[in-house]
Every structure is written in C-alpha cells, then in structure tokens.
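Worksheet for the structure shown next.
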Protein chains: 2
Amino acid sequence: MKDPLAKLPGYALRRASVTMMDALSEGLKDLDLKFTESTALVLIGANPGIRQADLVEMLAIQRPNMVPLVARLEMHGWVERAAVDGRSFGLTLTPAGEALLNRVWVVVNDLEQRLISHVRTDQVEIFHKTLTAIWQNW
Amino acid sequence: MKDPLAKLPGYALRRASVTMMDALSEGLKDLDLKFTESTALVLIGANPGIRQADLVEMLAIQRPNMVPLVARLEMHGWVERAAVDGRSFGLTLTPAGEALLNRVWVVVNDLEQRLISHVRTDQVEIFHKTLTAIWQNW
DNA sequence: TATTGTTATACTCTATAACTATA
DNA sequence: TATAGTTATAGAGTATAACAATA
C-alpha cells in the first residue's frame with residue numbers, strides 16, 4: 001500500500017502532535033484536568049494576578065471559552081478571582097491549586113521527556129526552536 | 001509576563017501543528033474539502049481500489065466516521081465505490097476526483113513549502129524523521 | 001468467530017454573535 | 001469608543017455501542 005502522506009513533514013507534524021496530545025490527555029485525566037486547563041494553571045502559577053484577557057491572548061483561545069474554564073478552576077478551589085478594577089479579575093492559585101500545579105508539572109515533564117527521547121540530543125534545541133518559529137512566525 | 005510554556009518542546013509542537021492546520025483548512029476551503037477528506041483523496045489516488053477499512057487504519061480514524069466521509073466524496077462525484085466482495089468496497093477516483101486531487105496537491109505543496117521555510121535546509125530531513133518517529137514509535 | 005460497513009448518538013473542543021458593565 | 005467578561009449557541013471533529021451482512 002502506497003502512502004504519499006509519509007513524504008510530508010506537515011502530515012508528520014500533525015500526527016506527532018495528535019499522538020502526544022493523546023498521551024497528555026491520558027496523564028491529565030488522573031488530575032481531572034483538560035489540556036487547556038493545565039496550561040491556564042501553569043500561566044496563573046507563573047503570573048499571580050494575571051487576568052483572563054491575558055490568558056486568552058497567551059493561549060490563543062476564544063474569550064467566551066475562557067469563562068467556563070476559569071469557572072471550573074474556581075469551583076474546584078484551585079483558583080481565586082480578585083477584582084483588579086471594575087471589569088477585570090486577577091487570577092491566583094490557591095494552596096490546593098499550587099499542589100495541583102505540582103502534579104501537572106510531573107505529568108508534563110514526563111511527557112516532555114518521552115517526546116524528547118525521540119530527538120537526538122544535539123538536535124533538541126534546534127527542534128524546539130524550529131517548532132516555535134513555525135507557530136510564532138507563520 | 002512569564003511564560004513557562006515557551007520552554008516546552010511539546011507545547012511548541014502543539015502550537016505549530018494547530019497553526020499549520022489552520023492554514024491548511026483555509027486552503028482546502030476553496031476546494032470544499034476538510035483535512036481528513038483530502039488525506040483520503042490522496043490515499044485513494046495512490047491506491048486505486050483501496051477499501052474503507054484500509055483508509056481507517058492508515059489515517060487512524062474511527063470506522064464510523066469514515067462512512068459519512070466516503071459518502072460525501074461519492075456524492076460529489078469524486079470517488080466511486082465498487083464491491084470487492086460481499087462486504088467491502090474498493091474506492092477509486094473519478095476523473096473529477098483526479099482533477100480535484102491535483103488541486104489538493106497544489107494546496108498541500110504550498111503549505112509544505114511554507115512549513116519547510118522555517119526549517120534550516122540541512123535540518124529538513126532530520127526534522128521530518130524526528131516527527132515521524134514520534135508518532136510511529138511513541 | 002472475526003471482519004466490513006453501517007446507524008445512531010454523545011462528547012469534547014472550538015467559533016461566532018450579541019449583550020452588560022467599565023475604562 | 002474600546003475593553004473585559006459574559007451568555008447563548010452552533011459547528012467541527014472525534015468517540016462509543018450496537019447492529020446486519022459477509023468472510
């Protein structure tokens with residue numbers, strides 16, 4: 001059976017991403033987290049007081065989809081919202097949120113290590129830079 | 001604003017894939033095709049008489065989702081189904097399907113070239129091999 | 001008994017339009 | 001007038017269970 005798709009780096013990029021995301025979803029399932037929720041936790045943890053609008057921009061998701069996401073993190077007691085001004089909220093992790101974030105990092109680091117295991121050691125940096133250039137300079 | 005995600009090759013892989021897929025979807029919109037439909041056309045074109053079950057395996061999609069996909073390609077007169085035995089159909093492109101496939105290749109080749117433009121020339125092959133290893137040997 | 005294709009359905013993720021309140 | 005957050009909703013894309021017909 002011929003497979004012309006095998007010659008296409010773009011197709012490989014897609015398949016690699018899906019494969020990795022499947023594994024990540026599996027790992028996050030134990031934490032009761034979706035992928036985007038985990039990235040939001042990371043950014044809130046690194047930037048206490050960050051606003052929803054900042055998350056929207058950094059994660060490149062739609063504003064309306066941020067609402068139920070943050071609501072769920074707050075509902076579980078992982079994130080707190082404090083009014084910054086009359087229309088925006090600053091987000092911070094609760095102690096429970098910090099603890100959860102630590103577990104997120106375990107899952108993520110395991111995944112990244114597995115990913116990197118398929119990249120020659122001397123190629124890891126350029127591999128990363130190339131992927132970053134693709135989405136940032138497309 | 002700190003962004004710990006920027007250090008993660010896996011996150012870059014995801015963002016790169018999404019960015020590229022957005023561009024591909026845009027290109028395929030002119031052809032009235034979805035991404036998976038375009039990959040099915042490629043495989044049918046390269047393997048006349050291929051069965052749905054073969055597509056399902058090669059594209060790693062679910063069998064039930066193949067049904068409306070092939071039905072749409074047939075409905076538009078791009079693909080013909082011929083009974084191979086009592087339970088399976090062999091798929092072939094019609095002349096209209098071949099013409100459409102040529103246009104798919106134009107879109108795909110443009111996209112691949114744009115993708116590759118972000119990869120150093122001497123790195124293209126290893127970049128491709130690395131991505132392939134990730135999804136095939138995960 | 002395993003395989004092929006099918007039907008019906010559900011779930012997740014993402015996108016759009018329109019609204020309120022505030023800067 | 002532009003921005004932040006919200007509401008409601010719609011659309012892809014993908015997944016599962018169960019079935020009929022055939023190998």
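Throughout, protein chains are lettered first and strands after them, A, B, ... in sequence-line order, and every chain is numbered starting at 1. For clarity, every value in this text was computed on a predicted model and none was experimentally measured.
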May I have the distance from [X] (atom [atom1]) to [N] (atom [atom2]), rounded to whole angstrom?
{"X": "Phe89(B)", "N": "dT3(C)", "atom1": "CZ", "atom2": "P", "value": "19 Å"}
{"X": "Met21(A)", "N": "dC13(C)", "atom1": "CE", "atom2": "C1'", "value": "11 Å"}
{"X": "Ile61(B)", "N": "dA12(D)", "atom1": "CD1", "atom2": "C1'", "value": "14 Å"}
{"X": "Leu69(A)", "N": "dC13(C)", "atom1": "CG", "atom2": "P", "value": "10 Å"}
{"X": "Asp54(A)", "N": "dG5(D)", "atom1": "CG", "atom2": "C1'", "value": "13 Å"}
{"X": "Leu59(B)", "N": "dA15(D)", "atom1": "CG", "atom2": "P", "value": "13 Å"}
{"X": "Asp85(A)", "N": "dA2(D)", "atom1": "CG", "atom2": "P", "value": "18 Å"}
{"X": "Ile50(A)", "N": "dG5(D)", "atom1": "CD1", "atom2": "P", "value": "11 Å"}

Measure the angle between the two terminal helix axes of the helix from dT1(C)-dA23(D) to dA23(C)-dT1(D), five base pairs each, and quote it to 10°.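 If I round to tens, the end axes sit 10° apart.
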Would you tell me if any nitrogen or oxygen in the side chain of [X] comes within less than 4.0 Å of OP1 or OP2 on [N]?
{"X": "Arg51(B)", "N": "dT4(C)", "answer": "yes"}
{"X": "Thr36(B)", "N": "dA12(D)", "answer": "no"}
{"X": "Arg81(A)", "N": "dT6(D)", "answer": "yes"}
{"X": "Gln62(B)", "N": "dA15(D)", "answer": "yes"}

Quick one: does [X]'s side chain get under 4.5 Å of [Y]'s, heavy atoms only?
{"X": "Gln123(B)", "Y": "Thr130(A)", "result": "no"}
{"X": "Leu91(A)", "Y": "Asn47(A)", "result": "no"}
{"X": "Leu93(A)", "Y": "Leu100(A)", "result": "no"}

Step through the shown structure and confirm whether more than 12 heavy atoms of other residues, nucleotides or ligands are within 6.0 Å of CD on Glu57(B).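 Counting neighbours around CD of Glu57(B), 12 or fewer heavy atoms of other residues, nucleotides or ligands fall under 6.0 Å, so no.
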Classify the ring geometry of Trp135(B) against Tyr11(A): parallel below 30°, tilted from 30° to 60°, perpendicular beyond 60°.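 Rings of Trp135(B) and Tyr11(A): perpendicular, over 60°.
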Looking across every strand, which nucleic acid part, if any, lies under 4.0 Å from Gln52(B) by heavy atom: base, sugar-phosphate, or nothing?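 Sugar-phosphate, backbone atoms only, no base.
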Heavy atoms under 4.0 Å, any strand shown: does Arg14(B) hit a base, just sugar-phosphate, or nothing?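 Sugar-phosphate only.
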Can you tell which of [options] lies closest to the side chain of [X]?
{"X": "Lys34(A)", "options": "dT16(D), dC13(C), dT6(D)", "result": "dC13(C)"}
{"X": "Asn65(B)", "options": "dG5(C), dG5(D), dA15(D)", "result": "dA15(D)"}
{"X": "Ala53(B)", "options": "dT12(C), dT7(D), dT4(C)", "result": "dT4(C)"}

Measuring from atom CE of Met21(B) to atom CZ of Arg14(A), what distance do you get when rounded to the nearest 0.5 angstrom?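 Taking CE in Met21(B) and CZ in Arg14(A), the distance rounds to 4.0 Å.
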Mark yes or no for a side-chain to base donor-acceptor pair under 3.5 Å between Arg87(B) and dT4(C), with no hydrogen or angle criteria applied.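 Absent.
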Which is more 5' along DNA chain D, the nucleotide nearest Gly90(A) or the one nearest Asp22(A)? Just name the residue.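 By nearest-heavy-atom nucleotide position, the 5'-most residue is Gly90(A).
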Along DNA chain C (nearest heavy atom to each residue), the more 5'-positioned of Arg63(A) and Ser25(A):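 In this pair, the answer is Ser25(A).
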Ignoring hydrogens and angles, state whether a donor on the side chain of Asp85(B) or Ser88(B) is under 3.5 Å from an acceptor on the partner side chain.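 Ser88(B) and Asp85(B) do have a side-chain donor-acceptor pair below 3.5 Å.
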Asp32(A) and Arg103(A) ion-paired at < 4.0 Å: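 Here Asp32(A) does not pair with Arg103(A) in a salt bridge, since their nearest N and O are not under 4.0 Å apart.
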